[in-house]
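Worksheet: the structure to be examined is printed underneath.
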Amino acid sequence: MSEIKQVQEEQESIVVEGVHNYSSEEHWVKPEDPLLLERLEWFKDQKLGLMMHWGPYSQLGLVESWALSDVDEEWSRNEIDWDIDAEELKREYFALNKTFNPLRFQPELWADLAAENGFKYLNFTTKHHDGFCMWDTKTTDYRITGPDCPFHTHKYADITKQLFNAFREKGLGISAYFSKADWHTPYYWAPGMKPGTTTSRGPTYDPKEYPWLWEQFVQFTHEQIMELMTNYGKIDVLWLDAGWVNDYRDQNIRLGEVVERARKIQPWLLSADRTVGGPYENLITPEQTLPERALSVPWESCITMGSAFSFRYEDDYKTVRQLIHLLVEIVAKGGNLALNVGPQPDGRISKTAISRIKGMGAWLKVHGEAIYGTRICEPYSVGRVQFTQKGDTTYAFYLYRDEHEAVPAELHLPLQQPFSRIDLVGGADNLEFRRTDDGVAIRLPEKEREGLAPIAHVFRIR
């Protein structure tokens, strides 16, 4: 295939929303294995996951990993406000493992918080692009249990194992985030391979010119993935980041080979080779965005609760109303929300994040029947009105932008399908309604119009 044609095909296979790309629905490859198809239905039932970016970088309150890449400095170093040059920054960043000591880490509290408030799975960063491993790997000393890390003597030192066990104990699913790039290992960023010191996302050498070195990186990556797939209990999803490392370009790590090895141990394993497409991207993963329209394939938007994936000392958090509205629109379009919370460097989740999680949980305890286990139904998402479906029941959400918005006596839903009854989820049954030319008008009970506007009115339509 010519390089121009390959680039054209790649451009056709991704969708651009804002600054992030994700694979298009048309290029999704349906698995042939009945067990994987069954697990995809399980995944589509879950709707809400807790994503966590955590590592030594949390000590600085900066973006994870990206400041190490010189070619990404324009956006990744805009928060670096102290006098430091690029090379010293990299040295200091890579040395953060020597001070990372999250003594207040309590995995059971995290798992309790998630389970009690409607989260159904954990997506945890076992390794980001910086190469620091949050599990007890045997492939490198650059790990949470390494001798240079003060936390290595702690009873919870193998953070990944502790978290996976705690969340699994609560009946939650496990999604293991793993970066295919590794900017710490000399098999990828090999010292002295290029003139100068400029770093970029890719390796510091051409894999075609140094196939023996690239093969070392491939074996290193396979060994790390197999450690996670072998020693850390049941894994539901292998969530693979760094889409520039893929089997269709120069950075071929033979991903299919290792995923199939893993499936000999965990035959139910879903893989999300994000932004790459092909048979190992079982889930499409928009980042910090959601599709404009409903998708009929499995997908998950990873969106931050605050302004960034990693911990910030002073962050702007989305309100509970904003978070619920995000969740509802994502579910109405057929997806899951992986809501990211960046833990603090001391091992705690911030009080603000906890309050948001509990606020979501309170709403979901009342309205969760319209979220979990549902599927898309027309007309999906129309302005402030969102729809889901479960069996013969349709659910409609009428979203209020803020608490001071006036609640009308009648709400209009653009719903044409036949039905005979409308109930208010968490409220009155058998509401009055009348047909209109373009839908149905529902009369709200008087008490629903008193006080502040709710996050949403949710209707059960049968």
Side-chain angles (χ1 to χ4, degrees), residues 17-18 20 45-54 110-124 167 172-173 175 285-292 299-312 314-344 348-374 380-381 383-388 395-405 425-426 452-458:
E17 297 270 2
H20 299 292
D45 285 342
Q46 306 310 299
K47 306 304 181 190
L48 182 59
L50 180 63
M51 189 176 198
M52 298 184 124
H53 277 67
W54 195 35
W110 293 13
D112 287 345
L113 181 69
E116 290 170 7
N117 291 288
F119 291 79
K120 299 301 182 183
Y121 60 96
L122 169 72
N123 185 352
F124 181 67
F167 276 72
L172 276 66
S175 179
T285 56
E287 178 179 340
Q288 294 287 50
T289 191
L290 57 158
E292 289 186 0
W299 65 275
E300 169 195 74
S301 271
C302 48
I303 295 180
T304 55
M305 180 182 283
S307 64
F309 285 98
S310 53
F311 171 71
R312 293 290 190 272
E314 295 178 5
D315 205 353
D316 295 319
Y317 288 85
K318 297 172 181 66
T319 65
V320 172
R321 183 181 298 267
Q322 289 171 323
L323 293 169
I324 292 295
H325 285 192
L326 260 177
L327 173 64
V328 169
E329 184 176 349
I330 285 170
V331 171
K333 291 177 176 178
N336 289 9
L337 170 60
L339 183 60
N340 186 90
V341 174
Q344 297 177 170
R348 292 179 298 163
I349 298 173
S350 76
K351 289 181 179 178
T352 306
I354 290 172
S355 73
R356 298 294 195 270
I357 288 171
K358 288 183 175 179
M360 293 179 74
W363 189 89
L364 286 163
K365 282 179 176 70
V366 176
H367 304 98
E369 69 170 90
I371 296 290
Y372 304 113
T374 60
Y380 314 117
S381 175
R384 66 169 67 201
V385 182
Q386 315 289 324
F387 294 92
T388 63
Y395 295 96
F397 303 78
Y398 187 94
L399 309 179
Y400 294 91
R401 294 185 182 91
D402 62 67
E403 61 184 16
H404 302 297
E405 187 174 351
V425 176
L452 301 174
I455 289 173
H457 274 118
V458 184

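Here the structure is a predicted model, which is why all the values come from computation and not from measurement.
The side chain to side chain contact (heavy atoms under 4.5 Å, CB included) check on Ala114 picks up Leu50, Phe119, Phe167, Leu172, with sequence neighbours excluded.
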With side-chain hydrogen bond (donor to acceptor under 3.5 Å, both in side chains) as the test, would you mind laying out the steps for Gln386 and Ser381 before giving the verdict? CA-CA 4 Å; Gln386 315 289 324; Ser381 175; 2.6 Å; yes
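Counting heavy atoms from C-beta outward, Ile357 and Met305 have side chains that approach closer than 4.5 Å. Tyr317 places none of its side-chain heavy atoms less than 4.5 Å from the side chain of Leu323. Side-chain contact between Lys358 and Leu113: present, with at least one pair of heavy atoms (C-beta onward) separated by less than 4.5 Å. Two residues are said to be in side-chain contact when any heavy atoms from C-beta on lie closer than 4.5 Å; Thr352 and Arg356 meet this criterion.
Using a distance-only test at 3.5 Å, with no hydrogens or angles considered, no donor-acceptor pair links the side chain of His457 to the main chain of Tyr400. Lys365 places no side-chain N or O within 3.5 Å of a backbone atom of Asn117 that could act as its donor or acceptor partner. The closest donor-acceptor contact from the side chain of Lys333 to the backbone of Leu290 lies at 3.5 Å or more, if one exists at all. The backbone N or O of Ser310 lies less than 3.5 Å from no partner atom in the side chain of Trp54, so there is not a single donor-acceptor pair.
Nearest heavy atoms, Asn340 versus Ala308: ND2-O, 4.0 Å.
Between Arg348 and Ser350, the side chains place no donor N or O within less than 3.5 Å of an acceptor N or O (distance only, hydrogens not considered). Counting only N and O atoms by type, the side chains of Gln288 and Thr304 include a donor and acceptor under 3.5 Å apart. Side-chain polar atoms of Ser307 and Asp316 form no donor-acceptor pair below 3.5 angstrom.
Under the side-chain contact (heavy atoms from CB on, under 4.5 Å) test applied with Gln46, the options Asn336, Leu337, Ile371 reduce to a single match, Asn336.
Ring centroid separation for the pair Tyr395 and Phe397 does not come in under the 6.0 Å cut-off.
Distance OG1/Thr319 to CE/Met360: 10.5 Å, rounded to 0.5 Å.
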